[in-house]
Number of protein chains: 2
Amino acid sequence: MRLRADAARNGALVLDAAREVFAEQGLSAGIDDVAARAGVGKATVYRCWPTKDALVAAVTSVRVDEFTARVVAARDEPDAPAAFARLMLDAAESCAGNKLLHEGLISETPALAAKRAQCRAAMQELIDGAIAAGGMRADLRSEDVTLLFNGATSQLKAAGETDPAVWRRYAGLVVAATRP
Amino acid sequence: MRLRADAARNGALVLDAAREVFAEQGLSAGIDDVAARAGVGKATVYRCWPTKDALVAAVTSVRVDEFTARVVAARDEPDAPAAFARLMLDAAESCAGNKLLHEGLISETPALAAKRAQCRAAMQELIDGAIAAGGMRADLRSEDVTLLFNGATSQLKAAGETDPAVWRRYAGLVVAATRP
DNA sequence: GGGAAAGCGGACTCCGGAGTCCGGTTCTGC
DNA sequence: GCAGAACCGGACTCCGGAGTCCGCTTTCCC
């Protein structure tokens, strides 16, 4: 059964609105805000996604996929420690302007568990490579990097920091923490 | 006008209960929980402190003072870098078992602004000493340390991690990030 | 173009936690 | 020991955000 034209259109509007609103305000934004931005009633939002979490997962999963792709690319570079450092700095910079990416990386929602696992696996391989190359302390695991990175970025977000350079700087400190 | 005997007794009960409940559950615990633990109605809690924030400030400020004293002691030690490292590890370990200390260090409530400033000043002096001793990167400021430390510990708390050794380990990573 | 199904939206309920009210109880000064 | 002020506590309101309901509108298929 095909979706009615107006339903399809509204679904897309809602998705766009959710992307914008959540990127600007983070996941604490209300469904009402998303509905208002889309120019529809909130029931319409709930008709497309049964819960707020489902909508959030829909918009964040894309961001997580993009990030995973970047991790994989970094993993395949020859100089693992340098690739890792670059990845962290770039990721922080991206997060500075897009809360959605940040939330996606942080989120614990079950809907993204598989994607997170995939991302983590690639990260672990990158880290293993960096350790093998002697550019990283040997006892490090991907959870450590995730925790430090997420911790720092969460604090930056909470502080309302928007300057990408500052985010970059802290990512640099996290990278420094991983050195042998 | 002296406080009535029962009022004074209940005030102390509430304070003790708040310390316990917030240390165990963090600040997300409700006033109802505190009142129940104290064996008192919630109105009694509000009679002593006008808002939840005020009560929280009352119980956390002690913890912050204790921590500040430790920072000051560290500042006055001869080997600043080592004192700094020890301070971080000990603080993390303490936070693992006492959410209240953690919340006190993280909290942004205006009621503790003065105490936070005092703590930060001592930390800055400790850091300056460590930099002068060549044990820390020269561009570091106390906010950096605070942000990294709070970020990591917040994540640990959110993850429900209770093993002090793990908290210590991450504090060690934060210290590593400060090395020149 | 007409009718039925699909979709719409705003007003509604529900829920949890902060903060308030007031009738009943307990302490204190005389 | 008694008057009355101070205090008590549980039931209440208030608030904001998630999720639901239902009378009305739009679309689609014939």
Side-chain angles (χ1 to χ4, degrees), chain A residues 1-60 99-100 103 107-112 158, chain B residues 1-60 99-100 103 107-112 158:
Chain A
M1 160 110 62
R2 267 188 63 241
L3 219 51
R4 239 173 66 173
D6 52 350
R9 180 166 36 81
N10 280 336
L13 283 175
V14 167
L15 217 44
D16 287 347
R19 250 191 290 274
E20 289 174 25
V21 170
F22 290 142
E24 287 169 14
Q25 305 176 30
L27 300 189
S28 60
I31 289 290
D32 294 31
D33 297 333
V34 173
R37 175 80 61 113
V40 305
K42 64 189 294 192
T44 299
V45 176
Y46 280 106
R47 213 163 288 114
C48 304
W49 292 273
T51 62
K52 181 178 178 178
D53 276 356
L55 172 59
V56 165
V59 293
T60 50
K99 298 230 172 70
L100 203 41
E103 303 275 10
S107 153
E108 290 295 332
T109 179
L112 293 184
Chain B
M1 159 108 65
R2 267 186 65 241
L3 220 50
R4 238 172 68 170
D6 52 349
R9 180 166 36 80
N10 280 335
L13 284 175
V14 167
L15 217 44
D16 288 346
R19 251 191 290 275
E20 288 175 25
V21 169
F22 290 142
E24 287 168 16
Q25 306 177 29
L27 300 189
S28 60
I31 289 290
D32 293 31
D33 297 332
V34 173
R37 175 79 62 114
V40 116
K42 65 188 295 191
T44 299
V45 175
Y46 280 105
R47 214 163 286 116
C48 303
W49 291 274
T51 62
K52 180 179 180 178
D53 276 356
L55 172 58
V56 165
V59 292
T60 49
K99 299 229 172 69
L100 202 43
E103 302 276 10
S107 152
E108 290 295 333
T109 179
L112 294 184

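In what follows, every heavy atom counts, from backbone to side chain, and hydrogens, waters and symmetry copies are set aside. A, B, ... follow the sequence lines: proteins, then strands. Residue 1 opens every chain.
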**Student:** Give Ala7(A) one of three labels, base, sugar-phosphate or nothing, depending on what nucleic acid heavy atoms sit under 4.0 Å from its own.
**Tutor:** sugar-phosphate
**Student:** How close do Arg37(B) and Glu24(B) get, counting heavy atoms only, and between which atoms?
**Tutor:** NH2-OE1, 3.0 Å
**Student:** Go nucleotide by nucleotide along DNA chain C from the 5' end; which of Ile31(B) and Gly41(A) gets its closest nucleotide reached first?
**Tutor:** Gly41(A)
**Student:** Taking only side-chain N and O atoms of Asn10(A), does any of them lie within less than 4.0 angstrom of OP1 or OP2 on dG7(C)?
**Tutor:** no
**Student:** Could you tell me the separation between the CG atom of Asp32(A) and the P atom of dG16(D), rounded to a whole number of Å?
**Tutor:** 12 Å
**Student:** Looking only at N and O atoms, is any donor in the side chain of Lys42(A) or the base of dG19(D) less than 3.5 Å from an acceptor on the other one?
**Tutor:** yes
**Student:** Closest approach of Pro50(B) and Ala54(B), non-hydrogen atoms and distance?
**Tutor:** CD-CB, 3.9 Å
**Student:** At less than 3.5 Å, do the side-chain atoms of Arg47(A) and the base atoms of dG19(D) form a donor-acceptor pair?
**Tutor:** no
**Student:** Could you tell me the separation between the CG atom of Leu27(B) and the C1' atom of dA18(C), rounded to a whole number of Å?
**Tutor:** 15 Å
**Student:** Nearest whole Å is fine: how far is dG9(D) C1' from Leu13(B) CG?
**Tutor:** 15 Å
**Student:** Look up atom CG in Asp33(A) and atom NZ in Lys42(A), then write down how far apart they are to the nearest 0.5 Å.
**Tutor:** 10.0 Å
**Student:** Looking at every non-hydrogen atom in both residues, tell me the closest pair between Leu27(B) and Glu103(B) and how far apart they are.
**Tutor:** N-OE2, 3.2 Å
**Student:** Output one letter per nucleotide in nucleotides 23-30 of chain D: B when a protein non-hydrogen atom lies under 4.0 Å from the base, S when only the sugar-phosphate is that close, - when neither is.
**Tutor:** ---BSS--
**Student:** Taking atom CG of Asp53(A) and atom OG of Ser107(A), what is their separation to the nearest 0.5 Å?
**Tutor:** 7.5 Å
**Student:** Of the non-hydrogen atoms in Trp49(A) and Val14(A), which two are nearest, and what is the gap between them?
**Tutor:** CZ3-CG1, 3.6 Å
**Student:** Between Arg19(B) and Asp16(B), is there a side-chain N and carboxylate O pair less than 4.0 Å apart?
**Tutor:** yes
**Student:** How many whole angstroms separate atom NZ of Lys52(B) from atom P of dG17(C)?
**Tutor:** 9 Å
**Student:** Tell me which nucleotide among dC21(D), dC21(C), dG19(C) gets nearest to the side chain of Tyr46(B).
**Tutor:** dG19(C)
**Student:** Let me spell it out: for each of Gly11(A) and Ser28(B), pick the nucleotide of DNA chain C with the closest heavy atom. Which residue's pick is nearer the 5' end?
**Tutor:** Gly11(A)
